[in-house]
Structure formats: structure tokens, C-alpha cells
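Nothing here was measured: the structure is a model prediction, and the numbers come from that model. All values below were derived from every heavy atom in this structure, side-chain atoms included, with hydrogens, water molecules and symmetry-related copies excluded.
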Amino acid sequence: MDFLHKLSTKIIPENQTIILEYLNVSGMVKNRKLSRAISDLGWKQFRTLLEGKAEKYGRNLRVISH
């Protein structure tokens, strides 16, 4: 969690616009070989942190699908 906070705090001031790609994490977790690694990464939490900090600092955050 500390790493996610530090990374999101670094990304937001350095960029005016942040673009994230939508990933179907729930579908990816169904893969037995990848489920633990994907769940441990905290992608949803990272996106939530970026969204909050982008709003706070007036940055644009866009989520696109492939």
C-alpha cells in the first residue's frame, strides 16, 4: 500500500493527463495460474488512488478500453 501511495503521488504532479487502460481483472483472476499474482498487485486500489489524487490536484484521468 505504501508503494502504491508513493507511485500515485509521483505520477500525478508530473502529468497533466493520465490515461489508464481498462483491464477485465475479474476475468483475468479466473485463470488459475495467474489469479494470485493478479490479485496481489492491487490494480483496483492503484486506480482508486490515482482517481482521488487527480481530482484533488485538478488533473485529467481517462480510462480507455482496448
> CD1 of Ile11 to NZ of Lys6: how many Å apart, nearest 0.5 Å?
14.5 Å

> Would a distance-only check, ignoring hydrogens and angles, find a side-chain to backbone donor-acceptor pair under 3.5 Å from Arg59 to Thr17?
no

> What I'd like to find out is whether the side chain of Ile19 reaches to under 4.5 Å of the side chain of Ile64, using heavy atoms alone.
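The answer is yes; the side chains approach within 4.5 Å.
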
> Test side-chain contact (heavy atoms from CB on, under 4.5 Å) on Arg62 and Ile18; report intermediate values, then the result.
CA-CA 6 Å; Arg62 303 276 187 246; Ile18 298 94; over 6 Å; no

> Side chains of Leu20 and Arg47: closer than 4.5 Å at any heavy-atom pair?
yes

> If every non-hydrogen atom of Leu50 is compared with every non-hydrogen atom of Leu61, which pair is closest and at what distance?
C-CD2, 4.3 Å

> Using 0.5 Å steps for rounding, measure from the CG atom of Asn60 to the CD atom of Gln16.
6.0 Å

> Does a side-chain heavy-atom distance below 4.5 Å link Thr9 with Tyr57?
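The answer is no; the side chains never approach within 4.5 Å.
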
> Using a 4.5 Å cut-off on heavy atoms from C-beta on, say whether the side chain of Glu51 contacts that of Glu55.
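They are not in side-chain contact.
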
> Which pair of heavy atoms, one from Ser8 and one from Lys53, lies closest together, and at what distance?
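The pair with the smallest heavy-atom distance is OG-NZ, 2.9 Å.
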
